[in-house]
Protein chains: 2
Amino acid sequence: MPVERVRRRIPEATVARLPVYLRILVEQATEEVECISSEGLAELAGVNAAKVRKDLSYLGSYGTRGVGYEVAFLVYQIRRELGLTHDWPVVIVGAGNLGQALAGYNGFGERGFPVAGIVDIEPGKVGSVIGGVRVRHIDDLQQIVQSRRVSIGVVATPPSAAQDAADRLVRAGVTSILNFAPVVLAVPRGISVRKVDLAVELQILSYYEQRRVGVGLQAVGSNDSTRGASA
Amino acid sequence: MPVERVRRRIPEATVARLPVYLRILVEQATEEVECISSEGLAELAGVNAAKVRKDLSYLGSYGTRGVGYEVAFLVYQIRRELGLTHDWPVVIVGAGNLGQALAGYNGFGERGFPVAGIVDIEPGKVGSVIGGVRVRHIDDLQQIVQSRRVSIGVVATPPSAAQDAADRLVRAGVTSILNFAPVVLAVPRGISVRKVDLAVELQILSYYEQRRVGVGLQAVGSNDSTRGASA
DNA sequence: CGCGCTTTGTGAACACGTGCACAACTGCAT
DNA sequence: ATGCAGTTGTGCACGTGTTCACAAAGCGCG
């Protein structure tokens, strides 16, 4: 390993798959698997083996020809590349149905995204405790973000309040937003946004479901997870 | 309009954007907007105007040059193409945190996906009522799917139970699955699967967040929603 | 009616992502 | 040492998606 490593750009599609590989590799590690081939990983991830190899090659040449990849080492490398060597506390805006479910979902904390706070604009919702975190008023947002060094915000408000929530998050200093509200958020350049729209997912399924009729069962695309983080 | 229209194939990426256009158009309609240009729609959807035109052109030539698109008509056409001319009842497997939030989320029913039922394997969870729907035992799944003609199932179980949930859904007759569990589901050919993995979304944000350091703020990809439904 | 303004629809170039196929390389057995 | 079986890393061709740029077409006005 020579001097300083140049930070190469990893294709968007690959970035979206790395977390999947990571999850599988961690699971394999707990099952005492020490080494895995691209073929094996591909099988578990539901993708093509060549794709796995190409994806992993963006991290560097960490495999051993004739053998495969050392699971623990790969886990370390993917974690490092994804920036998962430390926790990323998140703050949730909106303590409704979804916000509560997210705050109560242990998967976040377990995977390195502890809930640093949850806020709502409704005074009535403030004070209750969800998943060990007390709901605070949205006016405390800036204080939470700054004291806990939060850089990721989650918008779990009704659609009408989502843009305001995003604006407040940005003002508070958050630089990445995960948006669950069915609206297109406008954010300043340099802020990353990803959206998860449940109804959109169902509508896409509806499209393929509808096409089924009269066409007979047929393959309808792959199962990738390629979506950009906006600027 | 001549005889029977041949059903053309719409690109995956376009299918993923149509629901977004639809939501915006419906909103515009309620605000009495009768006509919209590709430019205007693109602005609201956060995409390129040429992309909007190309996307809409897959539906047919429904715009008027020099004028734009009639909102109400476009709404109708997109609905028709996405198969949203009738409701698609869904059944939710898993009445934990997330399942409850989904069942209680009105957005589903409002957008044409009423919750036909929610089931859990835990007898303790059976009987409680969420969002007006009573939780039933997973053994009733087949009965619910068949009596209510459900073709879309939602997996909202812990990861360890997800594959079993999917198997049961498929056996019960469901042909599309929306998976919230962080596992890669194995399904027979012909079954569509889309997955929503919250931790993966956060990990992707983490990647771009991490790259920010030392690189300075910069654009990090687009904000599309292109993901396949698997076969 | 004809002219100019506006906006669509689309051909063509380009960018991006995928998958094949194979050379390069490793480890093991003999 | 040498050969062989196995697996990676990657060049290349292909397919998909995006964007530009412009001809074709509608509308309104004089």
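Every chain is numbered from 1 and lettered A, B, ... according to where its sequence line falls, protein lines coming before strand lines.
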Under 4.0 Å between a side-chain N or O of [X] and OP1 or OP2 of [N]?
| X | N | value |
| --- | --- | --- |
| A:Ser37 | D:dT7 | no |
| B:Arg53 | D:dC22 | no |
| B:Ser38 | C:dT7 | no |
| A:Tyr58 | D:dT10 | no |
| B:Asn48 | D:dC20 | yes |

Listed by chain and number, what are the side chain to side chain contact (heavy atoms under 4.5 Å, CB included) partners of [X], not counting sequence neighbours?
| X | value |
| --- | --- |
| A:Ala199 | A:Asp197, B:Arg111 |
| A:Phe73 | A:Tyr62, A:Glu70, A:Gln77 |
| B:Leu98 | B:Leu102, B:Ala156, B:Phe180 |
| A:Asn106 | A:Glu110 |

Between [atom2] of [N] and [atom1] of [X], the distance in whole Å:
| X | N | atom1 | atom2 | answer |
| --- | --- | --- | --- | --- |
| B:Leu59 | C:dT8 | CG | C1' | 14 Å |
| A:Leu56 | C:dT18 | CG | P | 14 Å |
| A:Gln77 | D:dT8 | CD | C1' | 16 Å |
| B:Leu41 | C:dT7 | CG | C1' | 14 Å |
| A:Glu39 | C:dC20 | CD | P | 11 Å |
| A:Arg17 | C:dG17 | CZ | P | 9 Å |
| B:Lys51 | C:dT10 | NZ | P | 19 Å |
| A:Ile10 | C:dG17 | CD1 | P | 12 Å |

Using distance only, find each side-chain donor-acceptor pair of residues 84-92 of chain B under 3.5 Å and give its atom names and separation, not counting sequence neighbours.
| unit_1 | atom_1 | unit_2 | atom_2 | d |
| --- | --- | --- | --- | --- |
| B:Trp88 | NE1 | A:Ser206 | OG | 3.0 |
| B:Trp88 | NE1 | B:Gly83 | O | 2.7 |

Within residues 27-35 of chain B, residues whose heavy atoms come under 4.0 Å of DNA chain C: none
Contact list for residues 173-184 of chain B, test salt bridge (Lys or Arg N to Asp or Glu O under 4.0 Å), sequence neighbours left out: none
Side chain to side chain donor-acceptor pair (under 3.5 Å) contacts touching residues 27-38 of chain B (sequence neighbours left out): B:Ser38-B:Arg53
Summary of side chain to side chain donor-acceptor pair (under 3.5 Å) pairs that have at least one residue in residues 156-174 of chain B, sequence neighbours excluded: B:Gln163-B:Asp167, B:Asp164-B:Arg168
Mind listing the N/O atom pairs, protein and nucleotides 12-16 of chain C, below 3.5 Å?
| unit_1 | atom_1 | unit_2 | atom_2 | d |
| --- | --- | --- | --- | --- |
| C:dA12 | N6 | B:Lys54 | NZ | 3.1 |

Heavy-atom pair of closest approach, residues A:Val150 and A:Val174: O-CG2, 4.1 Å
Distance, nearest 0.5 Å, that separates CD1 of B:Ile204 from CZ of A:Arg17: 10.5 Å
Nearest-neighbour nucleotide for the A:Tyr69 side chain, C:dT18, D:dT8, D:dA21 considered: D:dT8
B:Ile36 vs B:Leu44 side-chain heavy atoms within contact, under 4.5 Å: yes
With A:Asn179 via side chain to side chain donor-acceptor pair (under 3.5 Å) - residues at least two apart: none
Just the atom pairs and distances: protein N or O near nucleotides 26-30 of chain C's N or O, under 3.5 Å.
| unit_1 | atom_1 | unit_2 | atom_2 | d |
| --- | --- | --- | --- | --- |
| C:dT26 | O4' | A:Arg65 | O | 3.1 |

